[in-house]
Amino acid sequence: MEKITAIKGIKDILPKDSPIWHQVELTARKVFECFGFCEIRVPIMEKTALFQRSIGETTDIVEKEMYTFRDRDDELLTLRPEATASVIRAYIEHNLLASDPVTRLYTMGPMFRRERPQKGRFRQFHQIDVELFGDDQPASDAEVIFLLMHFLQSLGVEKLSLEINSLGCKACRPVFSRAVVEYLKGSESSLCPDCQRRINTNPLRVFDCKVETCASVIAGAPLILNYLCTECSEHFSAVKEYLNDLKLPYEINPKMVRGLDYYTKTAFEVKSGALGAQNSLAGGGRYDGLVSFLGGPEVPGIGFGIGLERLIACLPSSDQNPYRMDIFIAALGARAQKIGFGLTQELRRRGISAAMDYSDKSLKSQMKRADKLNSAYTLIFGDKELDENRAQLRDMKTKDQQSLPLDHMLEAITNIFKREGSGL
RNA sequence: GUGGGUGUAGCUCAGCUGGUCAGAGUGCCGGGUUGUGGCCCCGGAGGUCGAGGGUUCGAACCCCUUCACUCACCCCA
């Protein structure tokens, strides 16, 4: 039979990698809850219109990267390419504003984008997403950025760099956009074909182009920071001041633009070396008009997403053994096997993790298995020992051995683990 | 969607300009040694050399096609 493989760009997370994922998720929960954020779990599918409206019709994500399909009743559905839209939808739908004027939420899970896979980029990837609604004060911008950096640092991520910018608001950004378009049109001929196209579709993206000639054109382009209205300008200054007070190093990148249309004012991005071309670990920003744009009340918001595959890629690699057994039962012979089976299940029922080989293998190979399972103890007995009514309990770490009377084996083992406080 | 690289044992890879080229290490299974496992020693299982076609007396190796993986562009977390 021909084997069926996983879908391109969609990866399994294998047992050996699970511990690090757990660690990241656990740390996230701890840190976020410390800042007063609560978990919300939102579906991985939404009506397509939700993403079209929030992310923007002309963005690459919506135009060519979404997994969209028709349900059996012809409704257009999409596998979520990011989480913010869903969280806002849920926030509006359940009127979370009513119970608390300021709502702090986080969520985590898989996202889907149909891109060509490469290092740090997959078609199904995982994000942790943090959103704060109902606070338009610069302090909340700083809080969210601080939260992000603190989270990454507490995981031990090295070579972090934080870039911030302000993207203006609906008052000042259009003025800036027009200035950019006007400027770019002046040197249109020296731009790459992609950028010539962008002038009309998404002019701010030209700032991201890596083609040399484009870069030199960009060097003289107008900067958003010079076009900010008074309100945006003051907001940005306050954010910077807060970050300074927190002693959080950052760089201002006036050319940073975000790929999603909904961002306003503060935008930020965290990069890490040692990641390859996809070096953006996390990104986010303020989106003050978005909640109402999605049919909700006029509520400001700010949030960020963290790419977990990328995050884990720049964590110190640990070849941690995913197994950790309290005890391995090495039973030699048919009678011993039978007793071992019952014993194993009974130990498990008591909360002591136990394992055994159900095929009657050599002691050597059973001991090898015990080692691989990282068991603390191994209980060894065969048919002969059954007659003598004694089994041997061996401490795998210290090689200490002791003899156990078979009739009391279960109690004896249970007591040992009670004494050691393991698993009970 | 556009480029480059790579496909040989479960894993990591050797295999020279086509002529014992089907191999090594590791892992797995069994045995020996040992104070009943870890080190060491011996043995064993496991590959249509990604797939299809072509050139040749002869192809893992050369050519074409195709697929997969990978890196980069694009874009983003």
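Letters A, B, ... are given to chains in the order of the sequence lines, protein chains preceding strands, and every chain is numbered from 1.
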Protein-nucleic acid N or O pairs under 3.5 Å, nucleotides 1-3 of chain B:
from, atom 1, to, atom 2, distance (Å)
rU2(B), O4, R116(A), NH1, 2.4

On the 0 to 90° scale, with breaks at 30° and 60°, tag the F32(A)-F304(A) ring pair as parallel, tilted or perpendicular.
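Geometry flag for F304(A) against F32(A): perpendicular rings.
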With no hydrogens and no angle check, do the side chains of [X] and [Y] hold a donor and an acceptor under 3.5 Å apart?
| X | Y | result |
| --- | --- | --- |
| T84(A) | E131(A) | yes |
| T266(A) | D141(A) | yes |
| R394(A) | Q392(A) | yes |

Give one of base, sugar-phosphate or nothing for [X], where a contact means two heavy atoms less than 4.0 Å apart.
| X | answer |
| --- | --- |
| E65(A) | sugar-phosphate |
| K8(A) | sugar-phosphate |
| S362(A) | sugar-phosphate |
| G120(A) | base |
| I306(A) | nothing |
| F381(A) | nothing |
| K11(A) | sugar-phosphate |
| M111(A) | nothing |

Dump the intermediate steps for side chain to side chain contact (heavy atoms under 4.5 Å, CB included) on R41(A) and M108(A), then the final yes or no.
CA-CA 8 Å; R41(A) 301 196 188 194; M108(A) 51 180 87; over 6 Å; no
Using the [atom1] atom on both, measure [N] against [M] and round to a whole Å.
| N | M | atom1 | answer |
| --- | --- | --- | --- |
| rC39(B) | rC21(B) | P | 32 Å |
| rA60(B) | rU2(B) | C1' | 31 Å |
| rC41(B) | rU48(B) | C1' | 35 Å |
| rA14(B) | rU55(B) | P | 31 Å |
| rA59(B) | rA22(B) | C1' | 13 Å |

Within residues 365-372 of chain A: residues closer than 4.0 Å to RNA chain B (heavy atoms):
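Those residues whose heavy atoms fall under 4.0 Å from RNA chain B, taken from residues 365-372 of chain A in numerical order, are S365(A), M367(A), K368(A), D371(A), K372(A).
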Among residues 144-153 of chain A, which residues get a heavy atom nearer than 4.0 Å to RNA chain B?
none
Not counting sequence neighbours, list each pair that qualifies as a ring pair (Phe, Tyr, Trp, His ring centres under 6.0 Å) and has a residue in residues 355-379 of chain A.
F341(A)-Y358(A), Y377(A)-F417(A)
Donor-acceptor pair present, K364(A) side chain and rG30(B) base, under 3.5 Å:
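There is none.
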Runs of at least three consecutive pairs that involve RNA chain B, where pairs are Watson-Crick or G-U with distances under 3.5 Å:
B:1-7 with B:67-73, B:10-13 with B:23-26, B:28-32 with B:40-44, B:50-54 with B:62-66
Check whether any side-chain heavy atom of E269(A) sits under 4.5 Å from a side-chain heavy atom of L162(A), and report yes or no.
no
Sorted by position of nearest nucleotide on RNA chain B, 5' first, the leading residue of A6(A) and Q127(A) is A6(A)
Kindly state each residue pair satisfying salt bridge (charged side-chain N to carboxylate O under 4.0 Å, His left out) with at least one member in residues 330-348 of chain A, sequence neighbours excluded.
R335(A)-D387(A), E346(A)-R349(A), E346(A)-R350(A)
